[in-house]
Amino acid sequence: MMNFEDFNISANILKAIGDMGFKKPTPIQKMAIPMALKSLDITAQAQTGSGKTLAFAVPILENIFIPDKSPQAIVLCPTRELCVQVADEIAKTGKYIKKLKVLAVYGGQPIGKQIRVLKKGVHIVVGTPGRVIDHIERDNLDLTGVEYVVLDEADEMLDMGFREDIEFILKNATFKRQTLLFSATMPEEIKKIAKNYQNNPKFIKIKNKSENIPKITQYSFKTNPKHKFDDLCKLIEAYDIKSALVFCNTKRGVDFVFKNLKKMDYSSEALHGDMAQKTRDKVMNKFRNGNIAYLVATDVASRGLDISNLDFIVNYDVPQNSDDYIHRIGRTARAGKSGFAFTLVSPQDEYSFGNIKSRNKTVIVERNIPSEAEIENIKNKKILTKVKQSINEEDFDKYLKIIKDNSTEDMTVEEIAAGLLKMMREN
Ligand code: AMP
């Protein structure tokens, strides 16, 4: 059994950790803190909820030199939400370090204020890659004195297209730095970044024990009652949600969503407490067997539902309280599988959703409703990914020959490709 005291860290950090109510280090903290304190680079596979923020906050704070007011650590996170959360947790952990300045920088927030704070001097910057680069290019942020670079949720950042930005930042940060990389998954791309930009990193993998937090990716989306239903449809399109359990708070809400989904030709059914038990069972069975794509339900109706292979939960309405939220999202990611839980948040739900977020064990990442253009892009990319796969298949040459033989000046190879894409899109 290990305690925070065993890390040999400053009393003021220990005191702050005590104030946060943490009794024992989590597995990632047990492994990463001692390594990072020894100045080693780390590549850690750990999920949100594992306590990874504290795992990098402690070694950074332990080595901050307060009289030097230039940034000594930079933490890159995929979203604004996460930046704020991480900056908060670092500030809390360092609350007894006098004059410590931690700043979150992210897009969407007026840049002027960030510039003023940066000019006054900050020790730790937590930012989204895009905004960090903005500050570097405007000479507000100088990375030459940075001793720590943290890539938080690296896989998520790559998925969001931040690869070049991350590489730019790593190239700009001093060579002597220590680089700590955290990622829920370890695809090749992440390993490549580790290889190219880390110095002999130690690999850590934290297993997600089944009794640990299930692997539910939780996103929230700001919406408005006026276009909430359209936003739901956009999510269905953009995330390719083939089947989902959609929660509403009222029976009226259930009816509204279910009827409108039907109008859009989505196969859906309603499930609420006013329905006869027999009908409810019938609907449930249809959903279980995959004969209904979207089941729109109230909380009461969902009690005890155990559906395997349910990938998506959508909270069309923000649940009344955090217990309902946990209960709803727990319908996915059963038996060690993973899943997604999306929540649509209207302005009037912000307060109750704030409560849910603060009680939630894991992070609910805020994302934007995809635009029409983004949805278009996603659909095209999906087809092109499939095309790419088929190019590697054995009998591909046969098809290549057909195209070559049939291409003319009036119908070039490029035009044939575009025509095929158009046909697939219209199908
Ligand atoms: P993270 O994976 O960093 O997002 O952390 C997930 C949650 O666990 C956050 O709410 C942390 O405040 C909390 N946490 C971090 N370390 C510990 C610990 N040693 N014991 C209990 N909770 C912790």
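The analysis underlying the following values was restricted to heavy atoms, covering all of them including side chains, and did not include hydrogens, waters or symmetry mates. When a ligand or atom number is given, it counts from 1 through the structure's own listing order. Numbers here are sequence positions counted from 1.
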- At what distance is the nearest protein heavy atom to atom 14 (N) of ligand 1, and which residue and atom is it? F22 CZ, 3.4 Å
- Message: Under 4.0 Å from a heavy atom of F4: which atoms of ligand 1 are those, numbered in the order shown and with their elements?
- Response: 19 (N)
- Note on the structure: for atom 3 (O) of ligand 1, nearest protein heavy atom and its distance come out as T53 OG1, 2.5 Å
- Task: State plainly whether the residues K95 and D19 are in salt-bridge range, i.e. N to O under 4.0 Å.
- Result: yes
- Identify, by atom number and element, the atoms of ligand 1 in contact range of T26, meaning under 4.0 Å from any of its heavy atoms. 17 (C), 18 (C), 19 (N)
- Note on the structure: One should read off an interatomic distance between I42 CD1 and L180 CG, to the nearest 0.5 angstrom, of 5.5 Å
- Query: Among all protein non-hydrogen atoms, which one is nearest to atom 10 (O) of ligand 1, and what is the separation to 0.1 Å?
  - Reply: K361 O, 4.4 Å
- Polar contact flag, side-chain donor to acceptor under 3.5 angstrom, T43-Q198: yes
- Task: State yes or no: are the ring centers of F56 and Y148 separated by less than 6.0 Å?
- Result: no
- Message: Any donor-acceptor pair under 3.5 Å linking the side-chain atoms of N249 with those of Y316?
- Response: no
- Task: Classify the side-chain pair S346/N224 by whether it contains a donor and acceptor separated by less than 3.5 Å.
- Result: no
- Task: Identify the protein heavy atom lying closest to atom 19 (N) of ligand 1, giving its residue, its atom name and the separation to 0.1 Å.
- Result: K24 O, 2.8 Å
- Message: salt bridge (charged side-chain N to carboxylate O under 4.0 Å, His left out) for K222 and E366? Distances and angles first, verdict last.
- Response: CA-CA 8 Å; K222 282 211 168 95; E366 191 180 323; 3.1 Å; yes
- Message: Could you tell me, atom by atom, which parts of ligand 1 come under 4.0 Å of a heavy atom of K52?
- Response: 1 (P), 2 (O), 3 (O)
- Protein non-hydrogen atom below 4.0 angstrom of atom 8 (O) of ligand 1 present: no
- Task: Would you please indicate yes or no on a ring centroid separation below 6.0 angstrom for F340 and Y239?
- Result: no
- Task: Step through the shown structure and confirm whether more than 12 heavy atoms of other residues, nucleotides or ligands are within 6.0 Å of CD on E393.
- Result: yes
- Task: Examine S50 against ligand 1 and note whether any of their N/O atoms are separated by less than 3.5 Å.
- Result: yes
- Near E89, which atoms of ligand 1 are under 4.0 Å from a heavy atom of that residue? 11 (C), 12 (O)
- Just need the protein heavy atom nearest to atom 6 (C) of ligand 1, so name the residue and atom and give the distance. G49 CA, 3.5 Å
- Query: Any nitrogen or oxygen of K23, main chain or side chain, under 3.5 Å from a nitrogen or oxygen of ligand 1?
  - Reply: no
- Task: Check each of G51, A57, A55 against atom 1 (P) of ligand 1 and report the one with the nearest heavy atom.
- Result: G51
- Note on the structure: Quick look: Q29 vs ligand 1, heavy-atom contacts under 4.0 Å, and the answer is side chain
